[in-house]
Amino acid sequence: MGFGQWLRLNSEHFLLEAAQRDMARRYLPPDRQPRAPGGAFFWRRLFVPLYRRVPWRLRAAIIRLMPGSHRRTWTAWTRRPP
């Protein structure tokens with residue numbers, strides 16, 4: 001696994017985890033909310049809050065600069081579809 005793939009997997013995981021935690025906080029009563037996970041200080045305490053504060057235009061520009069499959073373009077049709 002390359003660095004780009006590792007970065008993407010970790011960032012997706014911790015952003016999803018934060019979104020699920022926000023939903024639980026919003027819709028579940030306090031006694032039913034899951035315990036806060038431990039560890040991964042960088043991802044939970046630094047990356048997620050900073051990522052959420054960055055404006056979308058800057059985020060999109062950073063994503064375009066990163067290597068990966070999101071840079072591939074659609075191929076043109078060689079013939080008309082049926």
Side-chain angles (χ1 to χ4, degrees):
M1 172 185 331
F3 175 74
Q5 187 177 8
W6 174 84
L7 179 66
R8 182 177 177 155
L9 288 173
N10 278 315
S11 60
E12 285 178 352
H13 170 77
F14 287 102
L15 288 169
L16 176 63
E17 180 183 275
Q20 290 171 337
R21 194 169 47 250
D22 293 345
M23 295 294 287
R25 193 177 305 124
R26 184 173 179 183
Y27 292 109
L28 292 178
D31 61 329
R32 300 271 322 216
Q33 292 184 9
R35 280 186 8 197
F41 178 83
F42 169 78
W43 293 102
R44 290 190 180 102
R45 301 289 181 177
L46 296 175
F47 175 78
V48 171
L50 288 174
Y51 183 85
R52 288 179 169 180
R53 284 177 179 78
V54 172
W56 172 247
R57 285 184 170 218
L58 181 57
R59 259 191 260 170
I62 292 169
I63 290 170
R64 279 194 304 272
L65 292 174
M66 300 281 296
S69 63
H70 64 278
R71 297 183 74 162
R72 294 184 190 145
T73 59
W74 291 96
T75 56
W77 284 92
T78 54
R79 60 183 179 88
R80 285 188 63 182

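Values below: all heavy atoms of this structure, side chains included; hydrogens, waters and symmetry mates excluded. FYI, the numbering just counts along the sequence from 1.
- There is no path of hydrophobic side-chain contacts, each under 4.5 Å, that joins Leu50 to Trp43.
- In the hydrophobic clustering of ILVMFWY residues, with side-chain heavy atoms under 4.5 Å counting as a link, Trp6 and Val48 come out together.
- Interatomic distance, CZ of Arg52 versus CZ of Phe47, reported as 10.5 Å (0.5 Å rounding).
- In this structure, Glu17 CD and Asp22 CG are separated by 10.5 Å, a value rounded to the nearest 0.5 Å.
- Sorted by first and then second residue, the ring pair (Phe, Tyr, Trp, His ring centres under 6.0 Å) pairs with a member in residues 21-42 form an empty list; sequence neighbours excluded.
- Cluster membership for Met23 and Tyr51, using ILVMFWY side-chain heavy atoms within less than 4.5 angstrom, is not shared.
- Between the side chain of Arg44 and the backbone N or O of Gly38 there is at least one donor-acceptor pair closer than 3.5 Å.
- How far CZ of Phe14 is from CG of Leu46: 12.0 Å, rounded to the nearest 0.5 Å.
- In this structure, Asn10 CG and Gln5 CD are separated by 11.0 Å, a value rounded to the nearest 0.5 Å.
- For the atom pair CG of Leu15 and CD of Gln20, the computed distance is 11.5 Å after rounding to the nearest 0.5 Å.
- Listed by chain and number, the residues in a side chain to side chain donor-acceptor pair (under 3.5 Å) with Arg59 amount to none (sequence neighbours excluded).
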